[in-house]
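Scroll down for the structure; my scribbles are underneath it.
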Protein chains: 2
Amino acid sequence: MGLSKTEIFTDRQNQIALFGKVFGHPARVAIMDYLFKIQACVCGDLVNEIGLAQPTISQHLKELKHLGLIKGNVEGTSVCYCIDHENWMHMKKLMIGFLDQDILSESCC
Amino acid sequence: MGLSKTEIFTDRQNQIALFGKVFGHPARVAIMDYLFKIQACVCGDLVNEIGLAQPTISQHLKELKHLGLIKGNVEGTSVCYCIDHENWMHMKKLMIGFLDQDILSESCC
DNA sequence: TATATTAATCGTATTATTGCAATGAAACAA
DNA sequence: TTGTTTCATTGCAATAATACGATTAATATA
(Lines give C-alpha, C1' and ligand atoms only; values in the text may rest on other atoms or scores of the structure.)
Protein backbone atom coordinates (compact mmCIF):
# COMPACT_ATOMS: atom_id res chain seq x y z
CA MET A 1 0.00 0.00 0.00
CA GLY A 2 2.66 2.55 0.93
CA LEU A 3 0.91 3.30 4.18
CA SER A 4 2.50 2.34 7.48
CA LYS A 5 0.22 0.43 9.81
CA THR A 6 1.00 2.60 12.83
CA GLU A 7 -1.97 1.29 14.80
CA ILE A 8 -0.37 -2.07 15.47
CA PHE A 9 2.70 -0.56 17.12
CA THR A 10 3.22 1.14 20.45
CA ASP A 11 3.30 4.92 20.81
CA ARG A 12 6.96 4.66 21.71
CA GLN A 13 7.76 2.67 18.57
CA ASN A 14 5.83 5.10 16.40
CA GLN A 15 7.59 8.07 17.99
CA ILE A 16 11.00 6.54 17.49
CA ALA A 17 10.05 5.93 13.87
CA LEU A 18 8.99 9.57 13.44
CA PHE A 19 12.32 10.85 14.72
CA GLY A 20 14.15 8.22 12.73
CA LYS A 21 12.36 9.34 9.61
CA VAL A 22 13.18 13.00 10.14
CA PHE A 23 16.87 12.10 10.38
CA GLY A 24 16.44 9.79 7.44
CA HIS A 25 17.43 12.52 5.01
CA PRO A 26 20.97 13.93 4.85
CA ALA A 27 19.70 17.46 4.27
CA ARG A 28 17.95 17.48 7.63
CA VAL A 29 21.03 16.01 9.29
CA ALA A 30 23.09 18.75 7.65
CA ILE A 31 20.68 21.45 8.81
CA MET A 32 20.94 20.25 12.41
CA ASP A 33 24.74 19.96 12.13
CA TYR A 34 24.91 23.54 10.95
CA LEU A 35 22.61 24.86 13.66
CA PHE A 36 24.76 23.14 16.29
CA LYS A 37 27.99 24.35 14.71
CA ILE A 38 26.94 27.96 14.42
CA GLN A 39 26.07 28.07 18.13
CA ALA A 40 23.41 30.66 17.45
CA CYS A 41 20.33 31.36 15.46
CA VAL A 42 20.70 31.24 11.72
CA CYS A 43 18.85 33.74 9.58
CA GLY A 44 18.14 31.84 6.45
CA ASP A 45 21.56 31.35 4.91
CA LEU A 46 20.90 27.65 5.01
CA VAL A 47 20.12 27.70 1.29
CA ASN A 48 23.66 28.84 0.53
CA GLU A 49 25.20 26.55 3.15
CA ILE A 50 23.44 23.43 1.90
CA GLY A 51 23.20 23.05 -1.85
CA LEU A 52 19.45 22.79 -2.30
CA ALA A 53 16.85 25.18 -3.63
CA GLN A 54 15.03 27.52 -1.28
CA PRO A 55 11.65 25.73 -1.41
CA THR A 56 13.37 22.43 -0.69
CA ILE A 57 15.19 23.78 2.37
CA SER A 58 11.99 25.42 3.51
CA GLN A 59 10.22 22.09 3.31
CA HIS A 60 12.91 20.31 5.35
CA LEU A 61 12.82 23.08 7.95
CA LYS A 62 9.09 22.64 8.17
CA GLU A 63 9.45 18.98 9.04
CA LEU A 64 12.07 19.66 11.69
CA LYS A 65 9.85 22.39 13.10
CA HIS A 66 6.83 20.09 13.02
CA LEU A 67 8.61 17.64 15.32
CA GLY A 68 9.60 20.53 17.57
CA LEU A 69 13.34 20.13 17.09
CA ILE A 70 13.82 23.70 15.85
CA LYS A 71 12.11 27.03 16.31
CA GLY A 72 11.72 29.84 13.79
CA ASN A 73 11.56 33.44 14.94
CA VAL A 74 10.43 36.02 12.41
CA GLU A 75 12.71 39.07 12.33
CA GLY A 76 11.69 41.51 9.69
CA THR A 77 11.67 39.85 6.32
CA SER A 78 13.88 37.00 7.41
CA VAL A 79 13.35 34.12 9.81
CA CYS A 80 15.88 33.06 12.42
CA TYR A 81 16.10 29.36 13.16
CA CYS A 82 17.49 27.76 16.24
CA ILE A 83 17.41 24.46 18.08
CA ASP A 84 14.73 23.78 20.64
CA HIS A 85 17.06 22.36 23.25
CA GLU A 86 14.36 21.04 25.54
CA ASN A 87 12.61 19.07 22.82
CA TRP A 88 15.92 17.91 21.46
CA MET A 89 16.75 16.51 24.89
CA HIS A 90 13.48 14.62 25.07
CA MET A 91 14.01 13.18 21.62
CA LYS A 92 17.57 12.27 22.51
CA LYS A 93 16.47 10.43 25.63
CA LEU A 94 13.96 8.41 23.65
CA MET A 95 16.40 7.53 20.89
CA ILE A 96 19.26 6.66 23.21
CA GLY A 97 16.88 4.49 25.22
CA PHE A 98 16.24 2.57 22.05
CA LEU A 99 19.87 2.44 20.98
CA ASP A 100 21.11 1.41 24.43
CA GLN A 101 19.06 -1.78 24.57
CA ASP A 102 22.18 -3.68 23.56
CA ILE A 103 23.87 -3.16 26.91
CA LEU A 104 21.36 -5.47 28.58
CA SER A 105 21.37 -7.95 25.76
CA GLU A 106 23.72 -10.92 25.52
CA SER A 107 25.29 -11.95 22.28
CA CYS A 108 23.95 -15.29 21.19
CA CYS A 109 25.76 -16.03 17.93
CA MET B 1 12.36 14.69 -8.23
CA GLY B 2 12.08 12.23 -5.35
CA LEU B 3 15.81 11.48 -5.43
CA SER B 4 18.04 12.53 -2.54
CA LYS B 5 21.12 14.46 -3.59
CA THR B 6 23.52 12.42 -1.49
CA GLU B 7 26.59 13.74 -3.29
CA ILE B 8 26.37 17.18 -1.71
CA PHE B 9 26.53 15.80 1.84
CA THR B 10 29.34 14.26 3.84
CA ASP B 11 29.71 10.51 4.22
CA ARG B 12 28.87 10.88 7.87
CA GLN B 13 25.67 12.77 7.13
CA ASN B 14 24.64 10.20 4.55
CA GLN B 15 25.36 7.36 6.94
CA ILE B 16 23.35 8.93 9.73
CA ALA B 17 20.51 9.37 7.25
CA LEU B 18 20.71 5.69 6.26
CA PHE B 19 20.42 4.55 9.85
CA GLY B 20 17.73 7.15 10.49
CA LYS B 21 15.77 5.83 7.57
CA VAL B 22 15.97 2.22 8.71
CA PHE B 23 14.55 3.23 12.08
CA GLY B 24 12.02 5.41 10.30
CA HIS B 25 9.48 2.61 10.26
CA PRO B 26 7.82 1.29 13.42
CA ALA B 27 7.94 -2.31 12.17
CA ARG B 28 11.72 -2.21 12.06
CA VAL B 29 11.83 -0.60 15.50
CA ALA B 30 9.52 -3.36 16.75
CA ILE B 31 11.70 -6.05 15.21
CA MET B 32 14.77 -4.69 16.98
CA ASP B 33 12.85 -4.32 20.24
CA TYR B 34 11.81 -7.95 20.02
CA LEU B 35 15.30 -9.21 19.23
CA PHE B 36 16.65 -7.32 22.23
CA LYS B 37 13.85 -8.51 24.49
CA ILE B 38 14.09 -12.16 23.55
CA GLN B 39 17.82 -12.17 24.40
CA ALA B 40 18.47 -14.84 21.80
CA CYS B 41 18.10 -15.72 18.18
CA VAL B 42 14.61 -15.70 16.84
CA CYS B 43 13.53 -18.31 14.38
CA GLY B 44 10.86 -16.70 12.35
CA ASP B 45 8.06 -16.10 14.79
CA LEU B 46 8.35 -12.41 14.03
CA VAL B 47 5.38 -12.66 11.69
CA ASN B 48 3.15 -13.73 14.59
CA GLU B 49 4.75 -11.29 17.00
CA ILE B 50 4.32 -8.27 14.74
CA GLY B 51 1.04 -8.07 12.86
CA LEU B 52 2.28 -7.91 9.28
CA ALA B 53 2.30 -10.42 6.46
CA GLN B 54 5.29 -12.68 5.98
CA PRO B 55 6.62 -11.01 2.81
CA THR B 56 6.42 -7.64 4.53
CA ILE B 57 8.41 -8.81 7.55
CA SER B 58 10.89 -10.48 5.25
CA GLN B 59 11.42 -7.19 3.45
CA HIS B 60 11.99 -5.27 6.68
CA LEU B 61 14.43 -7.93 7.86
CA LYS B 62 16.27 -7.59 4.59
CA GLU B 63 16.79 -3.87 5.13
CA LEU B 64 18.03 -4.38 8.68
CA LYS B 65 20.36 -7.09 7.41
CA HIS B 66 21.57 -4.88 4.58
CA LEU B 67 22.76 -2.29 7.09
CA GLY B 68 24.44 -5.05 9.07
CA LEU B 69 22.34 -4.59 12.19
CA ILE B 70 21.11 -8.17 12.23
CA LYS B 71 22.38 -11.52 11.05
CA GLY B 72 20.39 -14.45 9.71
CA ASN B 73 21.61 -18.00 10.25
CA VAL B 74 19.93 -20.71 8.22
CA GLU B 75 19.00 -23.73 10.35
CA GLY B 76 17.17 -26.35 8.42
CA THR B 77 14.06 -24.87 6.89
CA SER B 78 13.98 -21.92 9.25
CA VAL B 79 16.24 -18.90 9.63
CA CYS B 80 17.42 -17.61 12.98
CA TYR B 81 17.85 -13.89 13.32
CA CYS B 82 19.93 -12.11 15.86
CA ILE B 83 21.53 -8.76 16.47
CA ASP B 84 25.02 -8.03 15.17
CA HIS B 85 26.27 -6.45 18.35
CA GLU B 86 29.48 -5.10 16.89
CA ASN B 87 27.77 -3.30 14.03
CA TRP B 88 25.05 -2.10 16.36
CA MET B 89 27.71 -0.54 18.56
CA HIS B 90 29.28 1.25 15.62
CA MET B 91 25.90 2.57 14.53
CA LYS B 92 25.10 3.61 18.08
CA LYS B 93 28.34 5.53 18.37
CA LEU B 94 27.63 7.40 15.16
CA MET B 95 24.05 8.24 16.10
CA ILE B 96 24.85 9.26 19.66
CA GLY B 97 27.65 11.47 18.34
CA PHE B 98 25.04 13.24 16.26
CA LEU B 99 22.47 13.41 19.05
CA ASP B 100 24.99 14.61 21.63
CA GLN B 101 25.93 17.73 19.73
CA ASP B 102 23.60 19.67 22.00
CA ILE B 103 25.88 19.33 25.03
CA LEU B 104 28.44 21.63 23.41
CA SER B 105 25.83 23.99 22.08
CA GLU B 106 24.52 27.01 23.95
CA SER B 107 20.90 27.94 23.89
CA CYS B 108 20.39 31.20 22.09
CA CYS B 109 16.65 31.81 22.17
C1' DT C 1 3.58 54.20 -3.60
C1' DA C 2 6.74 51.24 -6.01
C1' DT C 3 10.46 48.05 -5.51
C1' DA C 4 13.30 44.74 -3.30
C1' DT C 5 14.09 40.98 -0.03
C1' DT C 6 12.98 36.87 2.34
C1' DA C 7 10.70 32.82 3.03
C1' DA C 8 6.42 30.09 2.79
C1' DT C 9 3.18 27.70 -0.20
C1' DC C 10 1.36 25.59 -4.45
C1' DG C 11 1.68 22.57 -8.21
C1' DT C 12 3.85 18.93 -10.34
C1' DA C 13 7.25 15.49 -12.05
C1' DT C 14 9.95 11.88 -10.40
C1' DT C 15 11.39 8.40 -7.41
C1' DA C 16 10.94 5.69 -3.06
C1' DT C 17 8.40 3.08 0.29
C1' DT C 18 4.95 0.03 2.04
C1' DG C 19 2.12 -4.02 1.95
C1' DC C 20 0.67 -8.29 0.30
C1' DA C 21 -0.89 -12.19 -2.96
C1' DA C 22 1.37 -15.34 -5.68
C1' DT C 23 5.22 -17.87 -6.58
C1' DG C 24 9.82 -20.02 -5.88
C1' DA C 25 13.56 -22.31 -3.47
C1' DA C 26 15.45 -25.14 0.03
C1' DA C 27 15.34 -28.50 3.64
C1' DC C 28 12.88 -31.96 5.92
C1' DA C 29 9.41 -35.86 6.64
C1' DA C 30 6.51 -39.58 5.22
C1' DT D 1 9.07 -39.33 -4.63
C1' DT D 2 5.51 -36.48 -2.70
C1' DG D 3 3.95 -33.39 0.53
C1' DT D 4 5.10 -29.91 4.20
C1' DT D 5 7.30 -26.17 6.30
C1' DT D 6 9.80 -21.96 6.18
C1' DC D 7 11.31 -18.02 4.24
C1' DA D 8 12.83 -15.24 0.08
C1' DT D 9 11.55 -13.12 -4.22
C1' DT D 10 8.53 -11.21 -7.69
C1' DG D 11 5.08 -8.23 -9.26
C1' DC D 12 1.91 -4.85 -8.53
C1' DA D 13 -1.10 -1.19 -6.48
C1' DA D 14 -1.34 2.53 -3.35
C1' DT D 15 0.82 6.07 -0.86
C1' DA D 16 4.78 8.95 0.62
C1' DA D 17 8.91 11.66 -0.11
C1' DT D 18 12.01 14.63 -2.75
C1' DA D 19 13.06 18.54 -5.50
C1' DC D 20 12.15 22.74 -7.63
C1' DG D 21 9.82 26.47 -10.71
C1' DA D 22 6.31 29.65 -10.06
C1' DT D 23 3.73 32.21 -7.10
C1' DT D 24 2.27 34.43 -2.92
C1' DA D 25 2.68 36.95 1.50
C1' DA D 26 4.97 39.89 4.48
C1' DT D 27 8.15 43.30 5.62
C1' DA D 28 11.49 46.70 4.66
C1' DT D 29 13.39 50.50 1.82
C1' DA D 30 13.72 54.18 -1.62
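Only this structure's heavy atoms are used, side chains among them; waters, hydrogens and symmetry mates stay out.
Comparing D/dT18, C/dC20, D/dA19 by their nearest atom to the side chain of A/Thr56 picks out D/dA19.
Distances shorter than 4.0 Å separate none of the side-chain N or O atoms of A/Lys62 from OP1 or OP2 on C/dA7. In terms of phosphate contacts, A/His60 brings no side-chain nitrogen or oxygen within less than 4.0 Å of OP1 or OP2 of D/dA17.
With hydrogens and angles ignored, the 3.5 Å screen pairs no side-chain donor or acceptor of A/Asn87 with any backbone N or O of A/Leu69. Panel note: side chain B/Trp88, backbone A/Leu99; a donor-acceptor pair is recorded below 3.5 Å.
In this structure A/Glu63 satisfies the side-chain hydrogen bond (donor to acceptor under 3.5 Å, both in side chains) test together with A/Arg28, sequence neighbours excluded. Checked against side-chain hydrogen bond (donor to acceptor under 3.5 Å, both in side chains), B/Ser105 has the following partners two or more places apart in sequence or in another chain: A/His85. Partners of A/Asp84 according to the salt bridge (charged side-chain N to carboxylate O under 4.0 Å, His left out) rule, which considers only residues two or more places apart in sequence or in another chain, do not exist here. Under the side-chain hydrogen bond (donor to acceptor under 3.5 Å, both in side chains) criterion, A/Asp33 pairs with B/Arg12, B/Gln13, B/Gln101, sequence neighbours left out.
One can place CG of B/Leu64 at 11 Å from P of C/dT18, the figure rounded to the nearest angstrom. Distance, B/Lys71 NZ to D/dC7 C1': 20 Å, rounded to whole Å. For the pair A/His25 NE2 and D/dA17 C1', the interatomic distance rounds to 8 Å; values are reported in whole Å. Atom CG in B/Asn73 sits about 18 Å away from atom P in D/dT6, given to the nearest Å. As a whole-Å value, the separation of B/Phe9 CZ from D/dT18 C1' is 11 Å. As rounded to whole Å, 16 Å separates atom P of C/dT6 from atom CG of A/Leu61. Taking atom CG on A/Leu18 and atom C1' on C/dT17, their separation rounds to 15 Å, with Å as the unit. Residue B/Gln59 contributes atom CD, which lies 8 Å from atom P of C/dG19 at whole-angstrom precision.
Residue contacts for A/Leu52: at a heavy-atom cut-off of 4.0 Å it reaches the sugar-phosphate backbone alone, with no base atom in range. Among the atoms of the strands shown, only primed sugar atoms or phosphate atoms (P, OP1, OP2) are found under 4.0 Å from some heavy atom of A/Ser78.
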When every nucleotide of nucleotides 21-30 of chain C is labelled 5' to 3' by its protein contacts under 4.0 Å (heavy atoms), B for base, S for sugar-phosphate only, - for none, what sequence of letters results?
BB----BS--
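In terms of position along DNA chain C, the nucleotide closest to A/Gly44 lies nearer the 5' end than the nucleotide closest to the other residue of the pair A/Gly44 and A/Thr6. Between B/Ile57 and A/Arg28, the residue anchored nearer the 5' end of DNA chain D, judged by the nucleotide with its closest heavy atom, is B/Ile57.
Among residues at least two apart or in separate chains, ring pair (Phe, Tyr, Trp, His ring centres under 6.0 Å) pairs with a member in residues 43-64 of chain A are A/His25-A/His60.
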